[in-house]
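Worksheet for the structure shown next.
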Amino acid sequence: MTETTRPRLLLLDGHSLAYRAFFALPVENFSTATGQNTNAVYGFTSMLVNVLRDEQPTHVAVAFDVSRQTFRTEEYAEYKAKRNKTPSEFSSQLPLIERMLDSFSIRYIKYPGYEADDIIATLVTQALADETSGLEVLILTGDRDSIQLVTERSTVLYPMRGVSDLSRMTPAFVEDKYGVPPHRYPELAAIVGEQSDNLPGVPGVGAGFAAKWINTYDGLDNVIAQADKITGKKGEAFREHLGDVIRNRRLNALVRDLDLGVRVDDLVLGEWDRSSALELLDELEFRGELRTRILDVVAPGEDAPVEPGIEVDGTTLAHDTVAAWLAEVGDATVGLSVRGSWGSGTGRVTGLALALADGRAAYVDVEAMSVDDDAAVAAWLSDPSRPKVLHDAKGPLLALTAQGWSLAGVVEDTALAAYLVAPDQRSYDLADLSLRYLHRELTVAEDDDQGMLFDEDANLSQAAMVQARAALDLSAELADEVEKAGGRGLLTDVEMPLVGILAGMEQTGIAVDIEHLEGLESHFGDLVREEAEAAYAVIGREINLGSPKQLQVILFDELGMPKTKRTKTGYTTDADALQKLATTNPHPFLLHLLRHREVIRLRQTIEGLLKTVQPDGRIHTTFHQTIAATGRLSSTDPNLQNIPVRTEEGRRIRESFVVGDGYDSLMTADYSQIEMRIMAHLSEDALLIEAFRTGRDFHAETASRVFDVAPEDVTPEMRAKIKAMNYGLAYGLSAFGLSQQLGIDPGEASGLMTEYFETFGGIRDYLTGVVDEARRTGFTETIMGRRRYLPDLTSDNRMRREGAERMALNAPIQGSAADLIKVAMLRTDTALRGSGLRSRMLLQVHDELVFEVADGESEALEVLVREQMAGAADLTVPLDVSVGTGRSWHEAAH
DNA sequence: ATTGTCACG
DNA sequence: ACGTACGTGACAATG
């Protein structure tokens with residue numbers, strides 16, 4: 001222990017290393033849930049810790065460039081001019097690297113007007129000047145200019161490929177590789193040139209000749225002085241480009257005497273800041289191997305390198321012991337995992353796993369419970385003062401309800417929490433979240449007792465308890481994240497209470513007139529056959545009309561029609577393109593094909609619906625609360641949010657959704673122009689607000705203002721144009737998109753947009769402001785504070801960037817509308833319960849709610865629903881609700 | 001598993 | 001020069 005380690009100074013060129021890492025590591029594999037890219041941070045950190053581990057330096061510093069403007073660009077404007085603009089995906093990672101260094105107590109140094117190399121050169125010079133210290137110097141850099149700093153006591157470590165191979169440049173190595181000693185390397189570079197710095201050298205002269213000259217004449221100065229003596233083409237070229245060479249030499253000389261205000265002694269490696277380092281590793285989602293390696297290096301032996309999986313201490317409770325266990329739990333928060341099944345309006349529970357923060361856990365075999373156990377479980381589940389945490393509570397809730405239990409006291413739903421924190425994820429799988437936020441594997445330890453029989457039941461109950469524990473642990477972790485994202489109110493007051501409502505709607509389902517649906521199926525089936533045969537007759541053979549590939553052969557090869565817009569694999573045959581073809585070339589095949597598409601689609605929709613009708617004669621969809629990044633719900637199995645409505649034929653399908661037995665009618669209530677109203681509210685555009693306050697036809701009102709005519713003089717054409725414009729606004733519309741929508745030319749569409757924005761300046765200002773702010777903060781926000789992260793706003797890829805800009809325009813509008821109708825559902829549900837009405841909510845279709853009306857409740861329900869929907873938010877414009885009632889969904893909509 | 005198409009708000 | 005409106009889900013064809 002008394003042996004003194006030899007002092008070693010490690011200097012890193014932060015910029016060049018991070019830049020290399022940025023290009024070496026695929027960005028897709030290195031980004032966090034919120035979209036922060038981490039490839040440069042990862043690669044830099046990885047190189048840093050490897051060198052810390054392998055070289056054991058006592059002193060460390062990292063040098064950074066401040067900007068591209070340096071004394072070199074002052075002197076020679078073309079210096080590094082050929083380099084592409086620094087991608088913002090890279091720049092955004094530099095502050096993270098600095099935080100990483102702070103947490104490791106590693107100094108980083110910048111000096112305006114100079115490059116990182118100059119800082120390193122200065123420190124190397126200082127370190128070598130003090131010969132008594134015997135300080136050894138290591139320079140980790142991706143910039144070859146530093147080779148001039150190599151001496152017997154200073155070595156350059158240069159990354160060869162990617163971020164893992166380091167080449168150790170000692171004087172002997174440099175001499176061997178380049179043919180000149182290190183201090184002469186910049187002389188050689190001056191002759192050869194440096195492409196990455198945009199410093200052209202002597203054409204036709206490579207490193208070999210340059211080294212020969214330098215050695216023969218003893219240095220570049222002498223080569224220049226005796227330039228006449230060099231014969232041949234190369235000599236001629238050298239004389240001709242002498243100016244470049246002299247300039248190169250001046251620029252590639254590193255500055256060694258900057259006044260940094262830091263001495264080598266100040267660079268002693270200090271104590272790391274454990275909590276900020278761990279926090280940053282979590283934030284960057286660095287786990288697994290790198291996390292282990294980092295912790296091993298900066299804090300050897302301090303943190304167990306291998307993270308254990310989630311563990312619980314519990315077994316299946318014996319018969320008649322559940323009540324006692326639950327009594328012992330008291331009012332502690334319990335992680336709850338429900339085993340069983342649910343869906344299609346039914347469900348059942350086979351087991352319950354409970355876990356506590358101290359590791360205790362229990363599994364209840366619901367199928368083998370005593371009467372007392374059952375009562376105890378029922379009481380605990382329904383007691384709102386016994387707090388519970390679940391992951392994705394809707395399914396469990398459905399199963400418990402089907403079992404005759406009620407559930408109360410759910411204080412956190414970890415799936416919803418994770419969704420609010422990062423709404424763009426595909427899934428919120430418990431195991432993934434455990435890894436991401438807890439850095440724990442969600443696997444059950446294998447039973448290694450050889451003598452024991454494999455007990456499947458024990459494993460299942462163990463897995464359930466582990467999941468219960470994971471949900472509990474996650475809730476603590478995610479609560480912080482939700483707080484940080486400002487999502488607590490939304491989670492507690494909106495998303496979580498909505499779970500019960502959605503479960504109820506799914507369980508209730510909507511009644512279907514099967515005979516009517518079957519009648520439509522055969523009707524459209526007939527039409528499908530007719531159209532197919534007519535199409536075959538035209539071309540003289542049978543093809544698969546559903547195959548875009550076969551259609552392309554017929555349309556573009558055999559019928560010789562003009563090629564449409566390209567897709568990845570060929571040319572599009574979508575309805576839009578075919579419609580366009582048909583206007584110039586009304587070939588009968590095209591017409592039959594289009595009609596065939598239409599009717600086969602309707603038939604398919606009907607067939608799909610028929611397959612999902614349950615024995616109770618109703619369809620029970622599943623609503624998803626964590627799919628749409630904007631905050632909307634989605635619906636599957638079947639999707640009841642895309643039942644046809646736009647054509648008369650399609651609407652006939654809605655005749656099949658009918659009032660169920662024991663009820664009087666269906667009622668639908670929808671918000672009119674909800675998105676434009678939100679736009680008016682958010683933009684505070686006075687004219688738009690006024691247009692809504694008149695209460696008259698909104699599109700006509702706005703058209704009258706844009707075209708500056710009296711409302712009664714607005715023509716249908718004017719109204720149609722402004723309507724398309726109004727709808728397009730929230731989508732980030734382009735002149736092209738608008739022209740496509742309206743079938744006018746892009747120039748006219750562009751003029752229309754200009755007119756519109758001149759009239760509604762507040763909207764234009766709002767829209768540009770939204771994108772600017774999102775670019776600054778990294779996210780957009782709805783009226784209720786729902787965030788969507790859009791890292792691509794700063795992408796260098798134009799497509800991605802512009803795509804993100806359109807999402808930024810749309811997310812606050814669509815998302816606020818989603819917030820609003822969710823609040824309306826909560827208010828309506830509460831009011832319904834309080835009113836004693838029997839009517840019930842069945843469906844939500846983004847801006848519409850569908851109810852089943854009990855006998856004699858029609859008027860009361862309408863009043864209640866109108867009041868609760870209109871009062872869901874206090875906007876600067878009124879929320880208009882239109883309501884209709886009928887025997888079917890189709891009738892109700894009239 | 002991905003692509004193309006088309007239904008909805 | 002290039003692609004072109006936001007958000008979903010279902011189905012069939014095709015790799």
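Lettering follows sequence order; numbering is per chain, from 1. Here the structure is a predicted model, which means the values were calculated and not measured.
Scanning atom types as modelled, one donor and one acceptor separated by under 3.5 angstrom connect the side chain of A:Arg798 and the base of C:dC2. One cannot find a donor-acceptor pair under 3.5 Å joining the base of B:dC8 and the side-chain atoms of A:Gln641. Between the side chain of A:Arg806 and the base of C:dC6 there is no donor-acceptor pair of N/O atoms closer than 3.5 Å.
In this structure, the nucleotide among B:dC6, C:dG3, B:dT5 sitting nearest to the side chain of A:Arg601 is B:dC6. For A:Asp637, the side-chain atoms get nearest to C:dA10 when compared with the rest of C:dA10, B:dC8, B:dT3. Nearest nucleotide to the A:Pro644 side chain, out of C:dA5, C:dG3, B:dC8: B:dC8. The side chain of A:Phe736 lies closest to C:dT4 when the candidates are C:dA5, C:dG7, C:dT4. Comparing atom distances between the A:Asp574 side chain and each of B:dT5, B:dG9, C:dA10 picks out B:dT5 as nearest. Distances were taken from every side-chain heavy atom of A:Asp847 (C-beta onward) to each of B:dC8, C:dC11, B:dG9; the shortest belongs to B:dG9. Ranking C:dT8, B:dA7, B:dG9 by closeness to the A:Val845 side chain, first place goes to B:dG9. The side chain of A:Thr569 sits closest to B:dT3 out of C:dC11, C:dG3, B:dT3.
Contact between the side-chain N/O atoms of A:Arg646 and the OP1/OP2 oxygens of B:dC8 is found at a separation under 4.0 Å. For A:Thr573 and B:dT5, the shortest distance from a side-chain N or O to OP1 or OP2 is below 4.0 Å. Distances shorter than 4.0 Å separate some side-chain N or O of A:Asn544 from OP1 or OP2 on C:dA13. An OP1 or OP2 oxygen of C:dA12 is reached within less than 4.0 angstrom by no side-chain nitrogen or oxygen of A:Ser547. Within the structure, every side-chain polar atom (N or O) of A:Lys549 is placed at least 4.0 Å from both OP1 and OP2 of B:dG4. At the phosphate of C:dG7, neither OP1 nor OP2 sits under 4.0 Å from any side-chain N or O atom of A:Thr630.
Atoms CG (A:Leu843) and P (B:dC8) sit 16 Å apart, rounded to a whole Å. Atom CG in A:Asn639 sits about 17 Å away from atom P in B:dC6, given to the nearest Å.
The distance between the ring centers of A:His846 and A:Tyr671 does not fall below 6.0 angstrom.
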Bracket string, DNA chain C, 5' to 3' - pairs by Watson-Crick or G-U geometry under 3.5 Å, | interstrand: .....|||||||||.
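Each of A:Gln550 and A:Thr636 was assigned the nucleotide of DNA chain C with the nearest heavy atom; the assignment lying further toward the 5' end belongs to A:Thr636.
Taking atom P in both B:dG9 and C:dT4, one finds a spacing of 24 Å when rounded to whole Å. C:dG3 and B:dG4 have their P atoms separated by 14 Å, given to the nearest Å.
A salt bridge does not link A:Glu607 with A:Lys611: every distance from a Lys NZ or Arg NE/NH1/NH2 to an Asp or Glu carboxylate oxygen is 4.0 Å or more.
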Should A:His620 and A:Gln614 be marked as a side-chain hydrogen bond (donor to acceptor under 3.5 Å, both in side chains) after you check the CA-CA gap, both sets of side-chain angles, and the distance that decides it? CA-CA 8 Å; A:His620 303 262; A:Gln614 296 301 305; over 6 Å; no
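Counted by atom type alone, A:Glu848 and A:Thr668 present one or more donor-acceptor pairs between their side chains at under 3.5 Å. Side chains of A:His624 and A:Ser635: no donor on one and acceptor on the other come within 3.5 Å. Looking at A:Asp819 and A:Thr782, their side chains do bring a donor and an acceptor atom within 3.5 Å of each other. Of the N and O atoms on the side chains of A:Gln741 and A:Lys723, not one donor lies less than 3.5 Å from an acceptor on the other residue.
The two atoms that bring A:Thr572 and A:Phe556 nearest to each other are O-CZ, 4.0 Å, heavy atoms only.
Between the side chain of A:Thr621 and the backbone N or O of A:Pro638 there is at least one donor-acceptor pair closer than 3.5 Å.
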Please list, one pair per line, the donor and acceptor atoms closer than 3.5 Å that link side chains of residues 747-757 of chain A to other protein atoms, with sequence neighbours excluded.
residue  : atom : partner  : partner atom : Å
A:Glu748 : OE2  : A:Lys721 : NZ           : 2.9
A:Thr754 : OG1  : A:Ser750 : O            : 2.9
A:Tyr756 : OH   : A:Asn726 : OD1          : 2.5

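Remark: A:Gly737, A:Gln741 in residues 737-775 of chain A come within less than 4.0 Å of DNA chain C through at least one heavy atom.
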